[in-house]
Each structure stands twice: as C-alpha cells, then as structure tokens.
Amino acid sequence: QVQLVESGGGLVQAGGSLRLSCAASGRTFSSDTVAWFRHVPGKERDIVAGINWRSSNTYYANSVKGRFTISRDSAENTVYLQMNSLKPEDTAVYFCAARNRNGISTDQNEYVVWGQGAQVTVSS
C-alpha cells in the first residue's frame with residue numbers, strides 16, 4: 001500500500017518561501033493525480049494545487065496562482081510544492097493526497113491516500 005510522507009513545513013516571515021515535499025513509498029506514482037490541500041481549523045480542507053503524473057498538467061487555486069508551483073520528480077517519486085511570497089493567510093496544515101486516476105479533482109473525497117500533514121506558519 002502506498003504511503004505519503006510530507007516534509008518541509010515550518011515558520012517563515014511574510015514574503016518568504018518554503019518548499020514542501022511529498023514522497024511516496026510502497027509503489028510509484030504512475031497514473032496518479034497528486035494534490036496539495038490545506039486545512040485551517042474551523043474551515044474546509046481546500047485544494048491548493050494538483051498535478052497529473054503522466055501529463056504534468058497542473059491546477060492551482062486562485063489564491064495561490066503566481067506564487068506557488070507544483071512539480072514532480074519521477075526519479076525520486078516525489079511531488080513538490082514551492083511556495084513563494086508567502087502571506088499570513090497561507091498559514092495552515094498542508095496535506096498531500098493521491099488518487100489513482102487521471103484528472104485533477106478539487107474534491108478531497110476523491111483522494112484515497114493522504115499524508116500526515118505539515119504545518120506551515122507565516123508570520124506578519
């Protein structure tokens with residue numbers, strides 16, 4: 001069974017950058033869609049970005065377009081989320097998730113494998 005492990009969260013000042021990593025073990029991302037979601041207590045878990053492994057097509061939430069970049073490394077079987085120009089409102093727990101289907105869904109219920117989450121805190 002595939003497992004996802006996130007790393008790279010932390011505390012950063014507004015305007016700074018962080019890179020999150022999502023490494024898969026157990027099998028390779030061959031035909032998956034992998035997405036990053038974020039969750040703030042009291043709010044819904046929302047998609048931030050997604051990538052289709054085969055086509056490298058990507059999706060970004062409007063709130064992060066132009067600031068965040070999702071990418072993948074086949075050799076490392078890892079998906080990255082580069083976050084630049086961070087804002088305090090980006091503070092959340094970030095989760096990576098995978099679904100064994102082509103096509104990027106914004107619905108968290110479509111994703112069957114989840115990582116443990118990584119805290120990102122942006123101070124003003």
Side-chain angles (χ1 to χ4, degrees):
Q1 183 175 353
V2 66
Q3 290 185 319
L4 304 179
V5 178
E6 299 109 336
S7 60
L11 172 64
V12 65
Q13 288 188 332
S17 297
L18 284 173
R19 189 178 78 160
L20 300 179
S21 301
C22 175
S25 62
R27 65 171 176 83
T28 59
F29 288 131
S30 58
S31 59
D32 292 67
T33 297
V34 181
W36 288 96
F37 287 78
R38 65 186 179 188
H39 182 240
V40 175
K43 295 187 178 181
E44 293 285 324
R45 186 179 297 186
D46 293 324
I47 191 168
V48 174
I51 187 166
N52 182 277
W53 194 261
R54 281 184 177 174
S55 67
S56 292
N57 287 340
T58 58
Y59 165 89
Y60 295 96
N62 287 335
S63 58
V64 306
K65 279 181 182 177
R67 299 188 299 123
F68 290 12
T69 302
I70 189 170
S71 62
R72 63 171 180 80
D73 185 323
S74 297
E76 298 293 329
N77 206 34
T78 298
V79 173
Y80 300 99
L81 184 68
Q82 178 67 42
M83 305 183 292
N84 298 329
S85 302
L86 282 161
K87 305 175 181 180
E89 51 263 43
D90 294 317
T91 295
V93 179
Y94 284 71
F95 296 88
C96 67
R99 65 193 293 254
N100 190 21
R101 288 187 176 185
N102 287 319
I104 300 168
S105 173
T106 60
D107 183 356
Q108 61 172 318
N109 296 310
E110 296 287 329
Y111 293 82
V112 295
V113 182
W114 290 81
Q116 82 283 3
Q119 177 69 47
V120 171
T121 303
V122 184
S123 63
S124 58

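Here, residue 1 is the first one in the sequence, and each next residue gets the next number. Bear in mind that the values here come from a model prediction, so they are computed numbers and not experimental data.
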A.B. asks: What closest approach, in Å, do S124 and A14 show between heavy atoms, and which atom pair accounts for it?
C.D. replies: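 Reported closest heavy-atom pair: CA-CB, 4.4 Å.
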A.B. asks: For the SG atom of C96 and the CD atom of E6, what is their distance to the nearest 0.5 Å?
C.D. replies: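 It comes to 4.0 Å.
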A.B. asks: Dump the intermediate steps for side chain to side chain donor-acceptor pair (under 3.5 Å) on Y94 and R38, then the final yes or no.
C.D. replies: CA-CA 4 Å; Y94 284 71; R38 65 186 179 188; 2.9 Å; yes
A.B. asks: If you round to the nearest 0.5 Å, how far is CZ of R67 from OG of S17?
C.D. replies: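 One gets 10.5 Å once the value is rounded to the nearest 0.5 Å.
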A.B. asks: Do you know which two heavy atoms are closest between G117 and V93, and how far apart they sit?
C.D. replies: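 Minimum heavy-atom separation between G117 and V93: CA-CG1, 3.9 Å.
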A.B. asks: Taking all non-hydrogen atoms of both residues into account, name the closest pair between L4 and A24 and its distance.
C.D. replies: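 So the two residues come closest at CD2-CB, 3.9 Å.
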A.B. asks: Compare every heavy atom of V48 with every heavy atom of V64, then report the nearest pair and how far apart it is.
C.D. replies: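 Minimum heavy-atom separation between V64 and V48: CG2-O, 3.5 Å.
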A.B. asks: Hey, what's the ring geometry for F37 with W114, parallel, tilted or perpendicular (30° and 60° as the breaks)?
C.D. replies: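 Taking W114 first and then F37, their aromatic rings sit tilted (interplane angle of 30° to 60°).
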A.B. asks: Looking only at atom types and distance, does a side-chain atom of T121 sit under 3.5 Å from a main-chain N or O of T91, one as donor and one as acceptor?
C.D. replies: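 Checking the backbone N and O of T91 against the side chain of T121, no donor-acceptor pair under 3.5 Å is found.
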A.B. asks: Identify whether V2 and V112 are in the same connected component of the hydrophobic contact network (ILVMFWY, side-chain heavy atoms under 4.5 Å).
C.D. replies: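 Looking at the clustering, V112 is in the same group as V2.
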A.B. asks: Checking D107 side chain against N109 main chain: does a donor-acceptor pair fall under 3.5 Å?
C.D. replies: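 Here the side-chain-to-backbone pair exists.
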A.B. asks: Can you confirm whether more than 12 heavy atoms, excluding those of Q3, are under 6.0 Å from its CD atom?
C.D. replies: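 It does not: Q3 CD has 12 such atoms or fewer within range.
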A.B. asks: Which heavy atom of Y111 sits nearest a heavy atom of S105, and at what distance?
C.D. replies: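 Heavy atoms of Y111 and S105 come nearest at OH-O, 2.6 Å.
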A.B. asks: Looking at OH of Y59 and OG1 of T33, how far apart are the two atoms once the value is rounded to the nearest 0.5 Å?
C.D. replies: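 The OH atom of Y59 sits 13.5 Å away from the OG1 atom of T33.
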A.B. asks: Please find the pair of heavy atoms, one from M83 and one from V120, that lie closest to each other, and give the distance.
C.D. replies: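 Between these two residues, the closest heavy atoms are CE-CG2, 3.9 Å.
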A.B. asks: Applying the 4.5 Å side-chain criterion to the ILVMFWY set and letting contacts propagate, would Y80 and I70 be lumped into a single cluster?
C.D. replies: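 No, it is not one cluster - the side chains of Y80 and I70 are not joined through contacts under 4.5 Å.
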A.B. asks: Out of curiosity, F68 CZ to L20 CG, how far, rounded to the nearest 0.5 Å?
C.D. replies: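 Here the interatomic distance stands at 8.5 Å.
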A.B. asks: Measuring from I51:CD1 to W36:CH2, what's the distance to the nearest 0.5 Å?
C.D. replies: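 Result: 12.0 Å between the selected atoms.
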A.B. asks: Measure the shortest side-chain to side-chain distance between N102 and W53 over non-hydrogen atoms and say whether it is less than 4.5 angstrom.
C.D. replies: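 Of all side-chain heavy-atom pairs linking W53 with N102, none is under 4.5 Å.
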A.B. asks: Between S74 and R72, do the side chains contain a donor N or O and an acceptor N or O under 3.5 Å apart?
C.D. replies: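 Distance-only check passes for R72 and S74.
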A.B. asks: Between CG of N52 and CZ of R101, what distance do you get to the nearest 0.5 Å?
C.D. replies: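 Answer for the CG-CZ pair, N52 versus R101, is 13.0 Å.
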A.B. asks: Does I47 offer a backbone N or O that forms a donor-acceptor pair with the side chain of Q108 under 3.5 Å?
C.D. replies: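 Between the backbone of I47 and the side chain of Q108 there is no qualifying donor-acceptor contact (under 3.5 Å).
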